[in-house]
Amino acid sequence: MSNPPGKLIIISGPSGAGKSTVVNRLLAECTLPLTLSVSATTRHPRPGETHGKEYWFLSPEDFAARKARGDFLEAKEVFGRGYWYGTLAETVSSGLKSGKWVILEIDVHGAATVLEVHPDAITIFIHPGSLAELERRLRNRGTESEANISRRLEVASEELAMMHRYTHEVINREVDQAVAELCTLLQKYDLG
Ligand code: 5GP
C-alpha cells in the first residue's frame with residue numbers, strides 16, 4: 001500500500017520569537033507524522049548546536065557549490081551579512097514521498113519562493129506579539145551582539161509586515177499555549 005500524501009508546512013516569524021523551541025516541542029508532542037527539514041547555513045554554530053541537528057553548517061564554498069548544483073529548493077542570504085540559509089530539495093521531496101508532514105522553518109523570502117513551487121503548503125507565522133517583546137527576548141538570550149540585535153529588530157519589522165501572506169498566525173505568549181495552538185490547527189488538516 002502506498003503512503004498517504006505528505007504535507008508541506010512553512011513556519012516563519014522573526015528571529016527571537018521562540019520558533020525553534022515551539023517547533024521542537026511540536027515535533028515531540030503533536031501526534032502527526034511531523035518531521036523537520038534541516039536547512040544548510042554558512043553561519044557558525046551557536047553553543048550547543050550540532051551539525052545535522054539544528055543545521056548543516058557548511059563553509060561558504062561548500063554552500064555555493066551546492067547552490068550551483070541545484071541542491072536547494074530555495075536559498076537566501078537572510079541578514080545581508082554574508083550568511084546564507086537554504087532548504088535542501090532532497091530532504092523535502094524524500095519526506096513528502098514517505099508521507100511525512102515536512103516542516104520548513106524559514107524566513108519570509110524563502111517562504112515566498114517555496115510557495116511558487118508548492119502553492120498548497122500550509123503557512124504559519126509565529127511572533128511574540130510586539131517588537132518590544134521581541135527585543136526583550138533577544139536580549140535575554142544573551143547570544144547576540146548589540147549590532148546583531150538592532151539588525152534583527154530591523155529585519156523583524158520587515159518580516160512582521162509580511163504576516164498577512166500567511167494563512168495562520170500564532171502568537172507565542174507562552175510555549176505550552178503556542179504548541180497546543182499549532183498542533184490543534186495542524187490536526188484540522190488531517191481530517192480531509
Ligand atoms: P538563526 O540563525 O537564528 O537560526 O535563523 C535566522 C533566520 O533564518 C530565521 O528567521 C530562520 O527562519 C531563517 N532560516 C533558517 N533556515 C532557513 C532556510 O533554509 N531558508 C531560509 N530562507 N531561511 C532560513
Side-chain angles (χ1 to χ4, degrees), residues 3-39 41 43 45-50 52-56 78 85 87-88 91-92 95-96 98-108 110-112 114-115 118 120-144 149 152-153 155-157 159-192:
N3 290 308
K7 292 186 197 297
L8 195 57
I9 301 162
I10 301 177
I11 300 184
S12 302
S15 173
K19 266 179 315 189
S20 306
T21 310
V22 170
V23 168
N24 285 334
R25 286 270 310 271
L26 186 75
L27 287 163
E29 295 167 25
C30 192
T31 54
L32 289 168
L34 300 171
T35 183
L36 180 68
S37 157
V38 177
S39 292
T41 183
R43 87 150 161 76
R46 296 196 185 106
E49 288 184 334
T50 314
K53 187 165 175 273
E54 287 80 12
Y55 288 103
W56 298 105
V78 173
Y85 294 78
T87 304
L88 290 157
T91 304
V92 173
L96 292 178
S98 61
K100 296 281 193 187
W101 294 30
V102 180
I103 299 180
L104 307 183
E105 194 200 313
I106 62 178
D107 84 319
V108 291
V114 172
L115 276 172
H118 294 278
D120 52 350
I122 301 165
T123 58
I124 301 160
F125 196 90
I126 302 186
H127 66 93
S130 70
L131 271 181
E133 176 60 16
L134 183 64
E135 181 170 0
R136 198 185 64 77
R137 290 187 197 184
L138 280 173
R139 288 187 193 288
N140 278 358
R141 189 152 83 177
T143 56
E144 312 294 327
I149 288 176
R152 278 176 188 251
L153 287 174
V155 173
S157 63
E159 292 198 307
L160 284 168
M162 302 232 223
M163 189 162 70
H164 66 277
R165 295 190 187 172
Y166 289 72
T167 312
H168 304 282
E169 176 188 349
V170 171
I171 300 181
N172 180 17
R173 293 189 185 83
E174 199 263 313
V175 179
D176 286 340
Q177 152 266 326
V179 173
E181 229 175 271
L182 252 174
C183 184
T184 304
L185 82 81
L186 288 175
Q187 275 164 342
K188 293 195 177 131
Y189 287 88
D190 203 19
L191 304 173

Completion exercise
Contacts of R46 meeting salt bridge (Lys or Arg N to Asp or Glu O under 4.0 Å) (sequence neighbours excluded), chain-then-number -> E49, E144

Practice task
For the pair C183 and L26, evaluate side-chain contact (heavy atoms from CB on, under 4.5 Å) and give the outcome as yes or no after the intermediate values.
Solution key: CA-CA 7 Å; C183 184; L26 186 75; 3.9 Å; yes

Fill in the blank from the handout: One should read off an interatomic distance between E169 CD and E181 CD, to the nearest 0.5 angstrom, of 9.5 Å

Practice task
Could I get the full list of ring pair (Phe, Tyr, Trp, His ring centres under 6.0 Å) partners for Y166, not counting sequence neighbours?
Solution key: F125

Handout entry: Non-neighbouring partners of T21 that pass side chain to side chain donor-acceptor pair (under 3.5 Å), sequence neighbours left out
Key = none

Practice task
Compare every heavy atom of W101 with every heavy atom of L186, then report the nearest pair and how far apart it is.
Solution key: O-CZ3, 3.4 Å

Practice task
Quick one: do D107 and V155 satisfy side-chain contact (heavy atoms from CB on, under 4.5 Å)? Show the steps, please.
Solution key: CA-CA 10 Å; D107 84 319; V155 173; over 6 Å; no

Problem - Within-4.5 Å side-chain heavy-atom neighbours: E133 and I171 - result: no

Exercise for the section: Could you check if a side-chain atom of H168 sits within less than 4.5 angstrom of a side-chain atom of I122, using non-hydrogen atoms only? Expected result: yes

Practice task
Show your reasoning for whether side-chain hydrogen bond (donor to acceptor under 3.5 Å, both in side chains) applies to E105 and S20.
Solution key: CA-CA 8 Å; E105 194 200 313; S20 306; 3.3 Å; yes

Practice task
Test R165 against L115 for side-chain contact (heavy atoms from CB on, under 4.5 Å), laying out the working first.
Solution key: CA-CA 11 Å; R165 295 190 187 172; L115 276 172; over 6 Å; no

Problem - Which residues share a side-chain contact (heavy atoms from CB on, under 4.5 Å) with T167, sequence neighbours left out - result: T123, Y189

Distance-only donor-acceptor pairs under 3.5 Å for side chains of residues 29-39, two or more places apart:
residue: E29; atom: OE1; partner: R25; partner atom: NH2; Å: 3.4
residue: E29; atom: OE2; partner: R25; partner atom: NE; Å: 2.4
residue: T31; atom: OG1; partner: Q187; partner atom: NE2; Å: 3.3

Problem - L182/I126 under side-chain contact (heavy atoms from CB on, under 4.5 Å): CA gap, chis, key distance, verdict - result: CA-CA 9 Å; L182 252 174; I126 302 186; 3.9 Å; yes

Problem - Side-chain touch L160/L134, heavy atoms, less than 4.5 angstrom - result: no

Handout entry: Set of side chain to side chain donor-acceptor pair (under 3.5 Å) partners for R173, sequence neighbours left out
Key = none

Exercise for the section: Examine distances only and state if a side-chain atom of S12 and a backbone atom of I106 form a donor-acceptor pair shorter than 3.5 Å. Expected result: yes

Problem - Side-chain heavy-atom pair R43, V78 within 4.5 angstrom cut-off - result: no

Handout entry: Residue pair V179 / V175, side-chain heavy-atom distance below 4.5 Å
Key = yes

Practice task
Output the distance between atom CG (L153) and atom CG (L138), rounded to the nearest 0.5 Å.
Solution key: 5.5 Å

Fill in the blank from the handout: Here the gap from T87 atom OG1 to L8 atom CG, rounded to the nearest 0.5 Å, amounts to 9.0 Å

Practice task
Please identify each residue that fulfils side chain to side chain donor-acceptor pair (under 3.5 Å) with S130, with sequence neighbours left out.
Solution key: none

Practice task
Would you check if V22 and I11 make a side-chain contact, meaning some heavy-atom pair closer than 4.5 Å?
Solution key: no

Fill in the blank from the handout: Hits for ring pair (Phe, Tyr, Trp, His ring centres under 6.0 Å) against W56, two or more places apart or cross-chain, chain-then-number order -> H51

Exercise for the section: Examine distances only and state if a side-chain atom of H127 and a backbone atom of G129 form a donor-acceptor pair shorter than 3.5 Å. Expected result: yes

Exercise for the section: With sequence neighbours excluded, tell me which residues meet side chain to side chain donor-acceptor pair (under 3.5 Å) with E135. Expected result: R139

